[in-house]
Amino acid sequence: MTRFVIIGGSDAGISAALRARELAPGCEVTLIVADRFPNFSICGIPYFLSGEVARADDLAHRKAADIEAQGIRLLLEHRATGLDPQARLVEVQRPDGGRDRLPYDTLLLGTGAVSIRPSLPGADLPGVFPLRWMGDTLSLAAFLEEHRPRNALIIGGGYIGMEMAEALTHRGLEVTVVEAMPSVMTTLDPDLGGRVAAELTRHGVEVLTGTRIEAIEPDGDGLAVHGSGGLRRRADLVLTVIGARPETSLGAAAGVETGIAGAFKVTRRMETNLPAVYAAGDCVETWHRVTGTHTYLPLGTTSHKQGRIAGENAVGGTREFQGSVGTQSVRLFDLVVARAGLHDADARAAGLSPLSVDSEHWDHKVYYPGARRMLIRITGERDTGRLLGAQIIGAYGTEVSKRVDIVAAALHQDMRVEDLNDLDLSYTPPLSSPWDPVQMAAQAWVQHWRQGEGRGV
Ligand SMILES: Cc1cc2nc3c(=O)[nH]c(=O)nc-3n(C[C@H](O)[C@H](O)[C@H](O)COP(=O)(O)OP(=O)(O)OC[C@H]3O[C@@H](n4cnc5c(N)ncnc54)[C@H](O)[C@@H]3O)c2cc1C
C-alpha cells in the first residue's frame with residue numbers, strides 16, 4: 001500500500017490527495033497543513049472582506065470533515081520542518097510543539113507561495129497588513145470591525161490590489177492605490193491597465209502610478225505613508241500586496257533544485273530531481289504551452305491541474321502537465337478584463353514577431369436590449385498567422401471571461417487566428433451574434449494582417 005504524504009492543504013495539495021484516493025482507493029494519503037484552513041478558496045478573500053460573502057467559513061471549497069470522508073488523513077496545524085529524502089521521512093511539528101517523523105513512499109511538496117513583504121521602514125507597524133492566508137484575512141477582518149478605518153492605502157496595483165480596492169470601497173472606505181510601475185495590472189498592455197485605473201477612479205478610488213512607497217510611520221491613531229515625488233498620505237489602514245514568492249525553503253534545504261523566481265524545477269510529470277518527490281502549484285515553475293518554455297505563473301487554476309497530475313503519478317500514473325496558456329480574468333466594479341496567451345511584449349521576449357489588432361464588438365445582437373461594446377485585442381504571429389493571445393475588456397455580464405476561454409482553448413490546440421472562424425460557437429440574440437465577438441475580432445485581425453503583409457487567404 002502506497003503511503004503518499006502531501007505537504008500543503010490548498011489547491012495543489014487537495015487536488016493531489018483527491019486524485020490519488022480516486023485512482024488508488026487503497027493508498028494511504030496524509031495531508032500536512034500548517035494552519036487550520038484546509039482547502040479554502042483564498043481567491044475569494046476579497047469578497048469576504050468586502051462583506052459580500054458573509055462568513056469566512058463559506059470560503060471553504062470543502063470542510064475538513066468532507067476531506068476526511070474521502071479517506072484522507074488530515075494533520076491540521078502541523079508544520080513540516082524537515083525532509084530526509086534518503087530515509088524517505090518528513091519531520092513534522094505538532095500543535096503541542098512535539099515532533100513526529102512520518103515515513104512516505106511518495107511525497108508532494110504543495111507548499112505554495114508567501115507574500116513578498118516590502119522592505120520599508122514601518123512595514124511591520126500595527127495597521128499594516130499583508131494578504132495571502134486565511135490568518136491574514138481574519139486579522140484584517142478583526143481590524144476592520146474593531147477600528148472602523150475610514151480610509152486605506154494599498155501598496156501594489158496587481159490584480160489582488162485592484163480587487164481589494166473594490167472590496168474596501170464596497171465596505172465604505174476611501175481607498176488609494178499606489179503602484180511603482182507606470183500602469184496598474186502589468187499583466188495587461190499599459191493602455192488597458194489605464195482603462196482599469198479609470199474604472200477605479202470612476203468609483204472614487206485614487207490611483208497613483210509611477211510612485212514608490214518609501215516609508216510608513218505612526219501618525220496619531222493612524223499611519224503616515226511617504227512615497228516618491230513628495231507623496232504623503234494619512235491612512236488608517238495599509239495593505240501590502242506587492243506579489244508572492246514560492247515557498248521552497250523546506251524542499252530546497254533537502255536538495256530539491258530551484259529555478260525561475262526560486263521556484264522548484266519540475267518535469268511535466270511534476271517530478272522534482274529527488275526520487276519519489278513531486279511538487280505542484282505556486283511553489284513550482286510552470287511550463288507555458290505557447291512559448292514552450294518554463295515561467296513562473298502562480299495561479300489557482302494551474303495549481304489544481306498540477307496537483308491532480310502529481311496525485312495521479314504519485315500512485316503509479318504517467319500523466320503529463322499539458323501547460324498553462326496564462327489565462328486570467330478579473331472583475332473590477334462594472335468592468336471585466338481578461339487575457340490568455342501572450343501580448344506583444346511577452347511575444348517579443350519569447351523571440352516571436354507579434355501583430356496585435358484591436359476591434360470593438362457588441363456582446364450580443366444590438367436590437368436586443370442591453371447590448372454593450374467590448375474591446376478585443378488579438379495577438380497573432382506575423383510570419384505564420386498563428387494565434388498567440390488575446391486581451392478582452394468589457395462590462396460585467398458580457399461574458400468576457402468565457403470569451404477569453406474560447407481563445408484559451410484555441411491556444412491549447414495551437415490554432416491560427418483564422419481557425420477561430422471555423423469554431424461552431426453558440427448563438428441566440430440576447431447572448432451573442434452568428435459570429436461571436438471573438439470570431440469578429442479574428443476576422444479583423446486576419447484582414448489587417450492580409451492587407452499589412454500583402455498576403456493571400
Ligand atoms: C487574494 C488572492 C486572490 C486570488 N485570486 C485568484 C483568482 O481569482 N484566480 C486564480 O487562478 N488564482 C488566484 N489566486 C492565486 C491562488 O490562490 C494560488 O495560485 C493558489 O492558492 C496556490 O495554491 P497552492 O496549493 O500552490 O498553494 P497555497 O495556496 O499557497 O497553499 C500552500 C499550502 O501549504 C501549506 N504549507 C506551506 N508550508 C508548509 C509547511 N512547512 N508545513 C505544512 N504546511 C505548509 C500552507 O498552510 C497551505 O496550506 C489568488 C490569491 C490570492 C492571495
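Residue numbers run from 1 in the order of the sequence given. First listed ligand is number 1; within each ligand, the first listed atom is number 1. FYI, side chains are in, hydrogens and waters are out, and symmetry mates aren't considered; it's all heavy atoms of this structure.
On a distance-only criterion, G9 and ligand 1 share at least one N/O pair closer than 3.5 Å. Backbone and side-chain nitrogen or oxygen atoms of A12 are examined, and one is located within less than 3.5 angstrom of a nitrogen or oxygen of ligand 1. Ligand 1 has no nitrogen or oxygen under 3.5 angstrom from a nitrogen or oxygen of I42. At under 3.5 Å, a nitrogen or oxygen of R132, whether backbone or side chain, sits near a nitrogen or oxygen of ligand 1. The N/O atoms of A113, backbone and side chain alike, include one that comes under 3.5 Å of an N/O atom in ligand 1. At a 3.5 angstrom cut-off on N or O pairs, E163 does not count as close to ligand 1.
Ligand 1 lies out of reach of M164, whose nearest heavy atom is not under 4.0 Å from it. Note on ligand 1: F37 sits outside its first shell, no heavy atom being nearer than 4.0 Å.
Atom 43 (C) of ligand 1 has A34 N, 3.4 Å as its closest protein atom, hydrogens excluded (heavy atom only).
Proximity annotation for atom 27 (O) of ligand 1: of G300, G82, G281, G112, G112 comes nearest, heavy atoms only. The heavy atom nearest to atom 22 (C) of ligand 1, considering only D282, L83, V114, is found in D282.
Using cut-offs of 30° and 60° for the angle between ring planes, the F143 and H147 rings count as parallel.
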